[in-house]
Novice: 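Can you read through this structure? Questions will come right after.
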Amino acid sequence: YFFRMNLRLLQSYWLFYLVVKEGSFTKAASVASMCQPPLSMHIKKLEDSLGVKLFERSNKKAVLTKEGRAIFPVVEKFLTKTELFFDQVQANLDGMEKKVTFGSFAWLLQLFIAPMLNELKIADSKKRYDFIEIESIDLVSQLQDFKIDVGYAYAEPFERAGIAAVPIAKIENKVVVPKNHILAEFDSIHLEQLSKLDCICLPSDVSPQLFSFMKQLSAQYHFNIVSRTDIRNFYNQVAFVESQHTFAIVATPACDLISKNLKAIPIVNSPALTLVRMTREDVSQRLRKRLQEREEAHLRKIPGIRTMSGTD
């Protein structure tokens, strides 16, 4: 009986999640294709079962109480796993394997991950792959919450509970400037030439490893770090370079994607960042081996990347 009672509350938990995500009871009811009064009754039933208030009622929006904030991460994680369960059931009925989701930053998705996954899909149509853009700082939590299965980011190799980070490549960098910038007359750059100039950089809450790397270069070569919270990816970064008439140090492969109004200049003795693949323990060794083979083949085709063979 207790188990059946808890099952009846699952819809209430899902509606609680919708209200939080949508920011109001009205919007959540619309998404759930129901009227607002029944939705409110579900939330009241959930609050009664828990013995706490989950929302501070407001005419404008639904604001979580302290207790609501405490349970929301647990509810979100459970519903993510539930979605994976239904996805796997349907996959089994269709004769397909479990979907493997990849996550990484914007330019790597476009130049490396998407082409690699297309090749994997062609090789075996029963296997399913997907990818999403994720800020590097969120990769580990997204892996732990089962929102992705494989992630790629700038980082140092590490081992932590349930997750391994394996180095797969070194990525070189170039200086990107507007074509009318004083540095644009050079065909190569020594980092000493950047002294006292402003450098547009992704903030630490997007990519901690990249920000730390840039801070070290800044301290050594005396240029200024300019970091804004609204610069969330490579595309934002180079847009600011163009509009603010300054420079950025950008991964060499990504330079193929910059505006025609910008110039990418090779750096003499270019500093390199380590690219790692992160996976959970439940990702099979067979898939890791297959990825290692495909990764190396694709990365070798991209200028400015040096592969690190035999790391698994």
Side-chain angles (χ1 to χ4, degrees), residues 103-114 131-139 151-156 169-276 302-306:
S104 190
F105 44 83
W107 72 259
L108 197 72
L109 289 174
Q110 183 173 347
L111 296 180
F112 165 57
I113 295 175
F131 61 84
I132 56 175
E133 181 181 350
I134 298 177
E135 294 175 356
S136 295
I137 197 170
D138 295 326
L139 273 183
Y152 296 88
Y154 297 130
E156 294 303 320
K170 289 286 188 179
I171 300 182
E172 297 175 353
N173 294 271
K174 290 184 177 181
V175 170
V176 171
V177 296
K179 286 186 175 178
N180 59 352
H181 193 280
I182 189 172
L183 294 176
E185 63 180 272
F186 297 100
D187 293 323
S188 62
I189 289 282
H190 290 269
L191 290 173
E192 289 83 357
Q193 293 174 256
L194 306 178
S195 177
K196 298 183 180 180
L197 298 178
D198 290 339
C199 177
I200 299 291
C201 181
L202 295 179
S204 59
D205 67 344
V206 172
S207 179
Q209 185 68 23
L210 178 58
F211 187 79
S212 175
F213 172 79
M214 294 301 302
K215 290 289 285 185
Q216 291 173 20
L217 291 180
S218 169
Q220 185 174 354
Y221 296 102
H222 311 293
F223 57 80
N224 306 314
I225 292 291
V226 178
S227 178
R228 296 174 45 140
T229 57
D230 52 351
I231 300 176
R232 310 309 296 179
N233 57 38
F234 154 77
Y235 297 104
N236 300 152
Q237 183 185 23
V238 293
F240 271 96
V241 167
E242 188 170 352
S243 65
Q244 300 299 315
H245 199 72
T246 181
F247 81 91
I249 295 178
V250 172
T252 295
C255 291
D256 288 342
L257 306 173
I258 64 174
S259 160
K260 63 182 180 180
N261 299 319
L262 298 173
K263 179 179 180 179
I265 310 170
I267 301 172
V268 177
N269 299 322
S270 171
L273 282 154
T274 301
L275 180 70
V276 302
I302 305 175
I305 295 183
R306 305 192 305 271

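Residue numbers run from 1 in the order of the sequence given. Being a predicted model, the structure only gives us computed values, none of them experimental.
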Novice: In the structure I gave you, are the side-chain heavy atoms of N261 and P178 within less than 4.5 Å of one another anywhere?
Specialist: no
Novice: Measuring from atom CG of L191 to atom CG of N269, what distance do you get when rounded to the nearest 0.5 angstrom?
Specialist: 9.0 Å
Novice: Mind checking whether I137 and Q209 have side chains closer than 4.5 Å, heavy atoms only?
Specialist: no
Novice: Between CZ of R306 and CG of L275, what distance do you get to the nearest 0.5 Å?
Specialist: 12.5 Å
Novice: Tell me, do F234 and I258 make a side-chain contact under 4.5 Å, heavy atoms counted?
Specialist: yes
Novice: If I compare all heavy atoms of R228 with all of F240, which pair ends up nearest, and what's the gap?
Specialist: CZ-CE2, 3.4 Å
Novice: Looking at I182, I want to see if its CD1 is surrounded by more than 12 non-hydrogen atoms of other residues, nucleotides or ligands under 6.0 Å.
Specialist: no
Novice: Hey, what do you get for SG (C201) to CZ (F213), rounding to the nearest 0.5 Å?
Specialist: 10.0 Å
Novice: Specify the closest pair of heavy atoms between K174 and A264, including all atoms of both residues, with the distance to one decimal.
Specialist: CD-CB, 4.0 Å
Novice: What distance separates K215 NZ from S227 OG, expressed to the nearest 0.5 Å?
Specialist: 9.0 Å
Novice: Can you measure from OG (S104) to CD (E135) and round to the nearest 0.5 angstrom?
Specialist: 12.0 Å
Novice: Please give me the minimum heavy-atom distance between P271 and L217, naming the atom from each residue.
Specialist: CG-CD1, 4.0 Å
Novice: Identify the heavy atoms of L202 and N233 that sit nearest to each other, and give their distance.
Specialist: CD2-O, 3.5 Å
Novice: How long is the gap from CG on L197 to CZ on F247, to the nearest 0.5 Å?
Specialist: 6.0 Å
Novice: Do the non-hydrogen side-chain atoms of L194 and I249 ever get within less than 4.5 Å of each other?
Specialist: yes
Novice: When you look at NE2 of H190, are more than 12 heavy atoms from neighbouring residues, nucleotides or ligands closer to it than 6.0 Å?
Specialist: no
Novice: Restricting to side-chain contact (heavy atoms from CB on, under 4.5 Å), what partner residues turn up for F186, sequence neighbours left out?
Specialist: L183, I189, Q193
Novice: Could you pull out the closest heavy-atom pair between L139 and A153, with the gap in Å?
Specialist: CD1-CB, 3.2 Å
Novice: For a 4.5 angstrom cut-off between non-hydrogen side-chain atoms, does L273 reach L210?
Specialist: yes
Novice: Side chains of W107 and P253, heavy atoms from C-beta outward: is any pair under 4.5 Å?
Specialist: yes
Novice: Check for a donor-acceptor pair, side chain of T252 on one end and backbone N or O of E172 on the other, with a separation under 3.5 Å.
Specialist: yes
Novice: When F105 is tested against each of F131, Y152, Y154, F112 for ring-ring contact (aromatic ring centres under 6.0 Å, His included), which residue passes?
Specialist: Y154
Novice: Should V250 and C255 count as side-chain neighbours, where that means a heavy-atom distance under 4.5 Å?
Specialist: yes
Novice: Are any side-chain N or O atoms of Q237 and backbone N or O atoms of I231, one a donor and one an acceptor, separated by less than 3.5 Å?
Specialist: no
Novice: Report, as yes or no, whether the 6.0 Å neighbourhood of atom CG on N180 holds more than 12 heavy atoms from other residues, nucleotides or ligands.
Specialist: yes
Novice: Hey, is the main chain of P208 close enough, under 3.5 Å, to the side chain of S212 for a donor-acceptor pair?
Specialist: no
Novice: Is there side-chain contact between K263 and V176, with at least one heavy-atom pair below 4.5 Å?
Specialist: no
Novice: If you compare all heavy atoms of C199 against all heavy atoms of T246, which two are closest, and at what distance to 0.1 Å?
Specialist: N-OG1, 4.0 Å
Novice: Show every donor-acceptor pair shorter than 3.5 Å between a side-chain atom in residues 218-226 and any protein atom, with sequence neighbours excluded, or say none if there are none.
Specialist:
{"unit_1": "S218", "atom_1": "OG", "unit_2": "F223", "atom_2": "O", "d": "2.6"}
{"unit_1": "N224", "atom_1": "ND2", "unit_2": "K196", "atom_2": "O", "d": "3.3"}
{"unit_1": "N224", "atom_1": "ND2", "unit_2": "D198", "atom_2": "OD1", "d": "3.1"}

Novice: Where the side chain of D138 meets the backbone of I134, is there a donor-acceptor pair that is under 3.5 Å apart?
Specialist: no
